[in-house]
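Since the structure comes first, as structure tokens, the remarks are kept for the end.
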Amino acid sequence: MPAAVARRYAMALFELALEQGKVELVDEQAQFLEDLFRDHQVRAFFQSPRIPAEQKKRLIASQLSELLDPVVHNLLKLLIDKRRIGLLAEIMREFDELTDRHRGVEEVTIVSAVPLTEQQRAAIIGQVKRFSSYDNLRVSTEVDGGVLGGVKIRLGENIVIDGTLSSRLSEMRDRLYRYRHRGVGA
């Protein structure tokens with residue numbers, strides 16, 4: 001349910017920004033707010049039921065009003081009034097996805113056990129483009145020793161390819177477990 005609510009707010013913000021020709025500006029501010037609300041103390045302050053809504057809005061007006069477009073500022077005030085400020089980071093992520101679709105950009109994350117060379121990265125991106133609906137990809141890479149080997153590729157929110165050694169070992173373990181519990185070979 002919170003995801004659907006966040007999506008509705010993000011869609012309303014996107015439509016308003018598009019109508020006013022401020023998509024790029026609001027997108028930059030959305031990223032700023034998403035980063036700001038990752039801070040535990042900031043989230044705790046704004047989500048605290050003990051702190052009155054007016055005090056939260058005064059803080060936003062005094063600290064952020066010069067940094068934020070009125071569209072974004074008004075959204076923050078609305079979220080505080082509706083007690084949905086806890087959804088802000090998710091709303092901003094949804095908004096970012098909408099702006100990416102509007103621009104024809106898709107997010108790609110490549111997770112590997114070791115850092116990739118530029119040649120490996122380019123080869124993977126070339127293969128991933130076949131699965132994407134968009135021409136432009138925003139590529140980020142992560143190193144995770146837990147994958148043991150191979151790569152895991154997320155295109156948008158979906159895992160397109162999971163060619164990691166850890167996932168293959170997990171699949172093998174599951175097959176052996178099912179085989180063993182069917183009574184075969186026991």
Side-chain angles (χ1 to χ4, degrees), residues 1-15 17-18 22-44 46-47 67-68 72 75-76 79 84-175:
M1 174 95 153
V5 172
R7 202 169 299 118
R8 283 198 313 264
Y9 277 103
M11 183 61 86
L13 179 63
F14 177 76
E15 289 174 0
L18 190 61
K22 298 178 178 180
V23 173
E24 297 301 320
L25 174 66
V26 173
D27 189 39
E28 289 172 18
Q29 293 177 2
Q31 184 62 51
F32 166 74
L33 288 173
E34 189 178 341
D35 293 343
L36 179 66
F37 273 75
R38 280 191 188 125
D39 184 271
H40 174 70
Q41 290 179 330
V42 171
R43 277 194 328 271
F46 282 101
Q47 291 178 332
L67 300 172
L68 299 177
V72 178
L75 172 69
L76 291 176
L79 292 173
R84 292 190 167 159
I85 195 72
L87 295 174
L88 183 66
E90 193 169 344
I91 293 167
M92 296 301 106
R93 274 192 301 278
E94 290 283 340
F95 181 83
D96 188 47
E97 286 183 29
L98 290 169
T99 58
D100 283 350
R101 277 192 225 126
H102 176 71
R103 292 184 203 124
V105 175
E106 191 160 27
E107 185 82 28
V108 176
T109 305
I110 304 169
V111 181
S112 61
V114 295
L116 299 171
T117 66
E118 195 54 44
Q119 186 179 9
Q120 291 169 324
R121 187 175 184 268
I124 292 169
I125 292 168
Q127 292 297 315
V128 169
K129 282 187 177 186
R130 297 182 329 174
F131 296 102
S132 177
S133 304
Y134 301 99
D135 294 330
N136 299 319
L137 301 177
R138 183 183 317 133
V139 181
S140 62
T141 57
E142 297 175 11
V143 176
D144 179 2
V147 299
L148 301 179
V151 294
K152 180 175 12 178
I153 302 167
R154 284 190 303 265
L155 183 61
E157 293 297 315
N158 304 309
I159 294 178
V160 174
I161 300 170
D162 189 349
T164 60
L165 185 56
S166 59
S167 70
R168 298 219 174 143
L169 288 172
S170 178
E171 288 172 13
M172 187 184 302
R173 183 189 68 229
D174 292 345
R175 274 191 251 134

Nearest heavy atoms of Thr117 and Gln120, plus distance in Å: N-OE1, 2.8 Å

Run the side chain to side chain contact (heavy atoms under 4.5 Å, CB included) test on Val111 and Arg154 for me, step by step, so that the C-alpha distance in whole Å, both residues' side-chain angles and the decisive distance to 0.1 Å come before the verdict. CA-CA 8 Å; Val111 181; Arg154 284 190 303 265; 4.0 Å; yes

Glu28 side chain reached by Val72 side chain, heavy atoms, under 4.5 Å: no

Counting distance only, does the side-chain N/O of Arg43 pair as donor-acceptor with the main-chain N or O of Arg38 below 3.5 Å? yes

Can you confirm whether the side chains of Gln31 and Asp35 place a donor and an acceptor under 3.5 Å from each other? yes

Which pair of heavy atoms, one from Leu87 and one from Val5, lies closest together, and at what distance? CD1-CG1, 3.6 Å

Applying side chain to side chain contact (heavy atoms under 4.5 Å, CB included), run through Val128 and Glu106 and close with a yes or a no. CA-CA 11 Å; Val128 169; Glu106 191 160 27; over 6 Å; no

At what distance, to the nearest 0.5 angstrom, does CZ of Arg103 lie from CZ of Arg101? 12.5 Å

Atom OG1 of Thr141 and atom CD1 of Ile153: how far apart are they, to the nearest 0.5 Å? 12.0 Å

Measure the spacing between OH of Tyr9 and CD1 of Ile91 and express it to the nearest 0.5 Å. 6.5 Å

Enumerate the residue pairs fulfilling salt bridge (charged side-chain N to carboxylate O under 4.0 Å, His left out) with a member in residues 119-134, sequence neighbours excluded, ordered by first and then second residue. Glu118-Arg121

Candidate pair Ile125 and Val108, rule side chain to side chain contact (heavy atoms under 4.5 Å, CB included), full reasoning: CA-CA 9 Å; Ile125 292 168; Val108 176; 5.9 Å; no

NZ-CG distance between Lys22 and Asp27, expressed to the nearest 0.5 angstrom: 14.5 Å

Would Thr99 and Glu24 satisfy side chain to side chain contact (heavy atoms under 4.5 Å, CB included), going step by step from the backbone distance to the final call? CA-CA 8 Å; Thr99 58; Glu24 297 301 320; over 6 Å; no

Just by distance, do the side chain of Gln29 and the backbone of Leu67 share a donor-acceptor pair under 3.5 Å? yes

Heavy-atom closest pair (Gly149 atom, Ala113 atom, distance to 0.1 Å) is N-CB, 3.9 Å

Heavy-atom pair of closest approach, residues Ala10 and Phe95: CB-N, 3.6 Å

Spacing of CD belonging to Glu90 relative to CD belonging to Glu34, to within rounding of 0.5 Å: 10.0 Å

Heavy-atom closest contact (Leu76 atom, Leu68 atom, distance): CD1-CD1, 3.4 Å

Return each pair, listed once, that meets ring pair (Phe, Tyr, Trp, His ring centres under 6.0 Å) where at least one residue sits in residues 100-125; pairs must be two or more places apart or across chains. Phe14-His102

To the nearest 0.5 Å, atom CZ of Arg138 lies from atom OG1 of Thr109 at 10.0 Å

